[in-house]
Amino acid sequence: MKQFIFDTPEQTKELGQRIAQGLTAGDVLVLNGDLGAGKTTFTKGLATGLGITDVIKSPTFTIIREYQGGRLPLYHMDVYRLENGGAADLGLDEYFEGDGVSVVEWAQFAEDELPDDYLALTFKRTGQDNQRQIEVVPKGGHFVALMEEL
Ligand SMILES: Nc1ncnc2c1ncn2[C@@H]1O[C@H](COP(=O)(O)OP(=O)(O)O)[C@@H](O)[C@H]1O
Ligand SMILES: [Mg+2]
């Protein structure tokens, strides 16, 4: 486990950019934390790190947005609106096993659908205005090496 404390959105994006460097096709990142904690901000940095130039918008109402044009495709999912179930019908495994990188916001609402290996990030406000705490935990063996690079 690694823990980071950041004072600006730029720092959170920079972590996303750094993590992007080590990602390969089929990698899955799950992001948990309250509304406004910084999950989408992190994903913007990740997209930049993959070389995606499109503006990343929160996929809350669309559930899944796909971005091409980078080193790998990015599948950005926000399953918040599936709070009462429904994640099983989305066919998330098609994305997880695909040729891109999948990022799932509010992953606790899709817990049963998650693969064996994923990188789990938990975002928290610390109480100070713009400060955020981000915990990074590798689930399964696949992300252990990437973690050491962080
Ligand atoms: N240190 C920080 N890291 C990330 N976001 C921050 C930080 N400080 C302030 N913010 C702001 O908090 C908001 C986070 O929103 P967002 O990333 O959409 O959160 P979430 O996707 O978790 O709901 C943004 O407006 C962002 O600019
Ligand atoms: Mg979000």
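Counting begins at 1 with the first residue of the sequence. What's counted below: heavy atoms across the whole structure, side chains too, no hydrogens, waters or symmetry copies.
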Drop me the distance from [X]'s [atom1] to [Y]'s [atom2], to the nearest 0.5 angstrom.
X: Met77; Y: Leu29; atom1: CE; atom2: CG; result: 11.0 Å
X: Lys13; Y: Thr40; atom1: NZ; atom2: OG1; result: 11.0 Å
X: Asp89; Y: Leu82; atom1: CG; atom2: CG; result: 9.0 Å
X: Glu10; Y: Leu15; atom1: CD; atom2: CG; result: 13.5 Å

Run the side-chain contact (heavy atoms from CB on, under 4.5 Å) test on Leu31 and Val103 for me, step by step, so that the C-alpha distance in whole Å, both residues' side-chain angles and the decisive distance to 0.1 Å come before the verdict.
CA-CA 7 Å; Leu31 315 184; Val103 174; 3.5 Å; yes
Side chain [X], main chain [Y], donor-acceptor under 3.5 Å:
X: Glu149; Y: Leu146; result: no
X: Arg71; Y: Ala20; result: yes
X: Asn32; Y: Ala107; result: yes
X: Lys2; Y: Met147; result: yes

N/O donor to acceptor pairs below 3.5 angstrom from side-chain atoms of residues 113-121, sequence neighbours left out:
unit_1: Asp117; atom_1: OD1; unit_2: Gly141; atom_2: N; d: 3.0
unit_1: Asp117; atom_1: OD1; unit_2: His142; atom_2: N; d: 2.9

Quick one: side-chain hydrogen bond (donor to acceptor under 3.5 Å, both in side chains) partners of [X], sequence neighbours excluded?
X: Gln17; value: none
X: Asp93; value: none
X: Thr126; value: Gln131

Ring pair (Phe, Tyr, Trp, His ring centres under 6.0 Å) involving [X] - partner list, sequence neighbours excluded:
X: Phe143; value: none
X: Tyr75; value: Tyr95
X: Tyr67; value: none
X: Phe6; value: Phe4

Closest approach of [X] and [Y], non-hydrogen atoms and distance?
X: Leu74; Y: Ile56; answer: CD2-CD1, 4.2 Å
X: Pro9; Y: Thr41; answer: O-CG2, 3.8 Å
X: Ile52; Y: Leu72; answer: CD1-O, 4.0 Å
X: Gly22; Y: Asp27; answer: O-OD2, 4.3 Å
X: Gly49; Y: Gln21; answer: O-NE2, 3.5 Å
X: Gly38; Y: Thr12; answer: O-CG2, 4.0 Å

Non-hydrogen side-chain atoms of Ile134 and Ile5 separated by less than 4.5 Å:
no
Spell out, yes or no, whether [X] and [Y] are grouped together once hydrophobic residues are joined by side-chain heavy atoms under 4.5 Å, including indirect joins.
X: Val104; Y: Leu90; answer: yes
X: Val101; Y: Ile64; answer: no
X: Val28; Y: Ile63; answer: yes
X: Val79; Y: Leu35; answer: yes
X: Val136; Y: Trp106; answer: no

Could you pull out all residues at least two apart from Arg18 that satisfy salt bridge (charged side-chain N to carboxylate O under 4.0 Å, His left out)?
Glu14
For residues 118-146, pull every pair meeting salt bridge (Lys or Arg N to Asp or Glu O under 4.0 Å), keeping only residues two or more places apart or in separate chains.
none
Glu111: what forms a side chain to side chain contact (heavy atoms under 4.5 Å, CB included) with it, not counting sequence neighbours?
none
Please lay out, stage by stage, how Thr8 and Asn130 fare under the test side-chain contact (heavy atoms from CB on, under 4.5 Å).
CA-CA 6 Å; Thr8 65; Asn130 288 338; over 6 Å; no
With respect to His76, which candidate in Lys44, Glu105, Lys57, Arg65 satisfies the side chain to side chain donor-acceptor pair (under 3.5 Å) definition?
Glu105
Does anything in residues 19-57 pair up under ring pair (Phe, Tyr, Trp, His ring centres under 6.0 Å), and if so which pairs, sequence neighbours excluded?
Phe42-Phe123
Kindly check if the number of other-residue, nucleotide or ligand heavy atoms within 6.0 Å of CD (Glu94) is above 12?
no
